[in-house]
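Since we're looking at a predicted model, the values are computed, not measured.
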There are 2 protein chains.
Amino acid sequence: MTTPKLPNAVRIVEMGPRDGLQNEKQLVPTETKVELVRRLERAGLKAIETTSFVSPKWVPQMGDNAEVLARVLAQPAAGVAYPVLTPNLKGFEAALAAGAKEVAVFGAASESFSQKNINCSIAESLARFRPVTEAAHAAGVRVRGYVSCVVGCPYEGAVAPQAVAEVAATLRDMGCYEISLGDTIGVGNPASIQRMLEAVAMRVPVELLAGHYHDTYGMAVANVHASLQMGVAVFDASVGGLGGCPYAAGASGNVATEDVVWLLHGLGIDTGIELDALVDTAAWISAQLGREPASRVARAVLAKRAQRAPAGP
Amino acid sequence: MTTPKLPNAVRIVEMGPRDGLQNEKQLVPTETKVELVRRLERAGLKAIETTSFVSPKWVPQMGDNAEVLARVLAQPAAGVAYPVLTPNLKGFEAALAAGAKEVAVFGAASESFSQKNINCSIAESLARFRPVTEAAHAAGVRVRGYVSCVVGCPYEGAVAPQAVAEVAATLRDMGCYEISLGDTIGVGNPASIQRMLEAVAMRVPVELLAGHYHDTYGMAVANVHASLQMGVAVFDASVGGLGGCPYAAGASGNVATEDVVWLLHGLGIDTGIELDALVDTAAWISAQLGREPASRVARAVLAKRAQRAPAGP
């Protein structure tokens, strides 16, 4: 076989503080959220989605969004981006007031998901984001776009690659600098992910695409590898595998950052991230939440370290 | 990119009753072991490694090997193979007496691992297997060969693909009908696995190769996919992800059968296995061992079922 040439370097967009923590039932102290961002910076992450400017009525965990962002931006690390999710103009204005330099908007590729998740059609949701992207660009704020349910929807089942391509192209037309393609419920596999990417890449250059894969069925690392084979060089991931799947309690959510970094470094691909510091961060935030890290890499690395540590007297 | 053509059908060799259970500290009742094999048969598994004829001094968990095999073979399912591991002639004779129709032998691709694991050189270990394969063939018993440490060794680090090819070719020359390539400590990634397979396939036809990957660092599903791209169509796996990694307590062992089956079915590849029955089996054996299934697929499927179940009054 001919092995496709993989990218030399990959950018990781860390989802832990936002997509990860937003699914936590226990309220995480603001101090812990800020400290998580600081530890991720020190591990070498260059893009850290910091919080979400949604209504605290819907996501109480993100109720301290303005304070978290302001504290993070009071001492920004060099060359690090701190995007925040802004589902509407009100959220965008609050994010801007807190100092946001980058925001993210999202559309679903499935009508049923759009209706049930944000109570409007895909077209309506995209129309709602247009004033956000316009206001953002007027304010010199970069906008990242997410498409959710890119291979499957909890209500509709399989999602057509063309539907994903359509939403991705619309977000690109609005000026999103990057489109992150989310397998929200983790049902993708290397074949369905590659079919989806093929369709999207016909409308949006592959250099502008990111993979955002959930590990619900353990396929995320394979899906990252399949995406690398298609030329995708940006991936979203969540330290310690933070963030469960909202549609199946007990199941995994975002792929763990350390699992993706392990894969990439093993493939000889540069990430700028220090794996040991990342594993430390996974262990630390998991301990704050009162559990073990969900990722295999964190568990294996920690088990190996414990084995090497000298036994007590 | 050109997507390599994948096999249409894959054979899974189930490792749970042997490679899985042998790492369990608590002694598993013989009855449970036999029942595990029965449930695996009903889920559609056609090859189930049933036990190991090692000295009970070394592996007390397999001390009931003759009884387990005899009871399983007293009511064999149609078309199912029940290989057993036989590390030496004494073990082979005991396996034959218990009715074995298929046995397995193993060699390491790393000298240090061979010395520390079985206390002899690779060459000595292979010489020790020759009388086993000869006796087996004389008795009409099929022999499967394992190579361990095919990409990395806990003592030596990286293992040269040529060393793996050499051991695989020797096992083939001895008449092993299939050579299973084991990433014993789970350090392989799609690139190192493909480099290893490329070297081995120069010496042994790829149709005779099986992938045996451990999920220690969460790479096993990606490694299965990378191997499918090279034409490998047989994989070893362990229901429920049974079997930890002996070199890192708390880390994962064999890739879970249900994770591999989920991948294969998603890719449109036939396995003859019924996923739901397999997940039931994973849940059942995990409960027998007093824990949750380790596999993402089992956890996600079980969580989804629990969600669907009607709530109590």
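- The environment of CD in E292(A) is sparse: at most 12 heavy-atom neighbours from other residues, nucleotides or ligands sit within 6.0 Å.
- Salt-bridge check for K116(A) with E156(A): failed, with every basic side-chain N at 4.0 Å or more from each acidic carboxylate O.
- Heavy-atom proximity under 4.5 angstrom to chain A picks out D259(B), W262(B), L263(B), G266(B), L267(B) from residues 257-276 of chain B.
- Two residues are said to be in side-chain contact when any heavy atoms from C-beta on lie closer than 4.5 Å; L289(B) and L21(B) meet this criterion.
- Look at R11(A) and E178(A) and you find a salt bridge, because one of the NZ, NE, NH1 or NH2 atoms lies within 4.0 Å of a carboxylate O, short of that distance.
- Here P190(A) is the residue among G231(A), A256(A), P190(A) with the most heavy-atom pairs under 4.5 Å with chain B.
- When heavy atoms are compared at a cutoff of 4.5 Å, A294(B) approaches chain A solely by way of its backbone atoms N, CA, C and O.
- Of the residues listed (T184(A), D19(A), D183(A)), the one engaging H212(A) in a side chain to side chain donor-acceptor pair (under 3.5 Å) is D19(A), and it is the only one.
- Within the structure, every pair that satisfies the salt bridge (Lys or Arg N to Asp or Glu O under 4.0 Å) test and touches residues 209-220 of chain B, not counting sequence neighbours, is listed here: R296(A)-D215(B).
- V232(A) pairs in a side-chain contact (heavy atoms from CB on, under 4.5 Å) with only one of the listed residues (V10(A), L197(A), N223(A), L6(A)), which is L197(A).
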